[in-house]
Amino acid sequence: MSRASKLICLAALACAACTPRVKDVTVLRGELPSGLDEVEIHGAALDTLLKGEDGRFEIEIPTNPCTLVRLVSGPAQLALVPDGTVLEIVLCDSSTVSSRTPSISLQEKLNSLLRTLALAETQESYKKEAISAINANSDNVLGAAAFQAACFLMDDAEIGQALRTLSPQARSLESVALIERLYNARMETSEGCLYRDFRVKSVSGFDYGIPVYTRVSLSDYVGQGQFVLLYFWNSRDELSLEQIPYLKEVWKKYGKKGLQIVSVAMYDTPVEAMYVADEQGMDWVALNNAEDKLLDLYGALSLPLTVYFAPDGSILNRDLLGEDIVSAADHYFSQAGK
């Protein structure tokens, strides 16, 4: 080998030695909130309470680009990617995380993605950026984070495609796994499918301050020869409250012609739900005290959720809002000749 060739090889080796590399461990180094001296670390097979010193902490954790680690210290919280670099963390009201080697850091790419999404001018451009990130990062937490951020803007076909794109490891993240479960439930409660029954121990009143419970099943009404509109809602949710006038219109037009409305208050106390139901004039079957898992049965990604059932208990339509609630009822009763 010539002397020039040797020099070139040595230079290449020196350059490689100086090039930052992702390591098998990720260093978490940061500042604790004022007055606190410990931080909880959860995720990536970790469940640790770490004591700080002089308002700072440092720990090494295994690198895993397909998971998120959550840090909690008092009211301050932060989720990060253990990406094999040194991550500098500030835990406060607006916690931040950055890498000492941003050129190779997956965490910095996640920071960049979140900034890009925050700058999106329309929901469509937001979704487009997220789908692009999913396609480019199907095997790491970036794709999972993009999916989680935009799934509420996606239709069922787009959600299905995104889930097929993400790797099994990315889909195993708790947040993505939850969305996949809900998506599968949506597919199993789509148009033409049979209803899924549930039972609610609803508070129907109070006797000297003691709740009086009534056990009600969806099958008490669905599949009993009448049209049924199921409505999952929350008494403090603005969008839920905006749908009530449309439900009242449908109830007024068809309540005596074979339509039953069953509303189920979610994430509510019975007192709040009963008060708002009475105030809003919801004089149909208004249930409360429901378990959160009921939403899993029908794959609800958010509230409110509407589901129309045919007299035989099959699902006619779902996820209708506003005037579509009324026009759907008009169509069903017109077809039924009522």
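Quick note: residue numbers are just sequence positions, from 1.
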Heavy-atom pair of closest approach, residues [X] and [Y]:
| X | Y | value |
| --- | --- | --- |
| Phe309 | Leu230 | CE1-CB, 3.7 Å |
| Thr67 | Pro82 | O-CD, 3.5 Å |
| Leu173 | Val141 | CD1-CG2, 3.6 Å |
| Ile325 | Val250 | O-CG2, 3.9 Å |
| Ala277 | Trp233 | N-CH2, 4.3 Å |
| Ala300 | Leu305 | CB-CD2, 3.8 Å |

Are more than 12 heavy atoms from other residues, nucleotides or ligands located less than 6.0 Å from atom [atom1] of [X]?
| X | atom1 | answer |
| --- | --- | --- |
| Glu279 | CD | yes |
| Glu291 | CD | no |
| Gln123 | CD | no |
| Asp54 | CG | no |
| Gln335 | CD | yes |
| Lys257 | NZ | no |
| Asp155 | CG | yes |
| Glu174 | CD | no |

Would you call [X]-[Y] a salt bridge at under 4.0 Å N-O?
| X | Y | result |
| --- | --- | --- |
| Asp268 | Arg236 | yes |
| Glu40 | Arg70 | no |
| Asp319 | Arg186 | yes |

Is [X] reaching over with its side chain to a backbone N or O of [Y], donor-acceptor style, under 3.5 angstrom?
| X | Y | answer |
| --- | --- | --- |
| Gln243 | Gly322 | yes |
| Ser138 | Ser167 | no |
| Ser314 | Leu194 | no |
| Lys109 | Ser103 | no |
| Asp278 | Met274 | no |
| Ser172 | Gln169 | yes |
| Asp197 | Leu218 | yes |
| Ser327 | Glu323 | yes |
| Tyr298 | Arg196 | yes |
| Asp37 | Gly52 | no |

From [atom1] ([X]) to [atom2] ([Y]), nearest 0.5 Å:
| X | Y | atom1 | atom2 | result |
| --- | --- | --- | --- | --- |
| Asp220 | Arg215 | CG | CZ | 12.5 Å |
| Cys193 | Ile315 | SG | CD1 | 6.0 Å |
| His331 | Asp324 | NE2 | CG | 12.5 Å |
| Glu60 | Arg29 | CD | CZ | 9.0 Å |
| Ile59 | Leu46 | CD1 | CG | 6.5 Å |
| Leu259 | Trp251 | CG | CH2 | 6.5 Å |

> Going through the distances and angles, do Gln77 and Leu71 end up as a side-chain contact (heavy atoms from CB on, under 4.5 Å)?
Replying inline: CA-CA 6 Å; Gln77 298 191 35; Leu71 275 60; over 6 Å; no
> When you look at Val228 and Tyr195, which way does the side-chain contact (heavy atoms from CB on, under 4.5 Å) test go after all the steps?
Replying inline: CA-CA 11 Å; Val228 177; Tyr195 76 98; over 6 Å; no
Please check if any side-chain donor atom of [X] sits under 3.5 Å from a side-chain acceptor atom of [Y], or the reverse.
| X | Y | result |
| --- | --- | --- |
| Ser99 | Thr85 | yes |
| Asn234 | Ser240 | no |
| Thr269 | Glu272 | yes |
| Arg318 | Thr189 | yes |
| Gln107 | Asn111 | yes |
| Asn289 | Tyr213 | no |

> Where do Glu191 and Leu316 land on the side-chain contact (heavy atoms from CB on, under 4.5 Å) test, with the steps shown first?
Replying inline: CA-CA 5 Å; Glu191 183 177 341; Leu316 293 167; 5.9 Å; no
> Hey, mind stepping through Val262 and Leu229 against side-chain contact (heavy atoms from CB on, under 4.5 Å) and telling me if it holds?
Replying inline: CA-CA 6 Å; Val262 179; Leu229 172 56; over 6 Å; no
> Between Tyr254 and Tyr246, is there a shared hydrophobic cluster once you connect ILVMFWY residues whose side-chain heavy atoms come closer than 4.5 Å?
Replying inline: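 Same cluster: Tyr254 reaches Tyr246 through Ile, Leu, Val, Met, Phe, Trp or Tyr contacts under 4.5 Å.
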>> Between Tyr308 and Tyr332, is the ring pair (Phe, Tyr, Trp, His ring centres under 6.0 Å) condition met? List the steps.
In response: CA-CA 10 Å; Tyr308 266 113; Tyr332 301 143; 5.3 Å; yes
> Do the side chains of Phe206 and Val212 get nearer than 4.5 Å, heavy atoms only?
Replying inline: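 Heavy-atom side-chain distance check fails, nothing below 4.5 Å.
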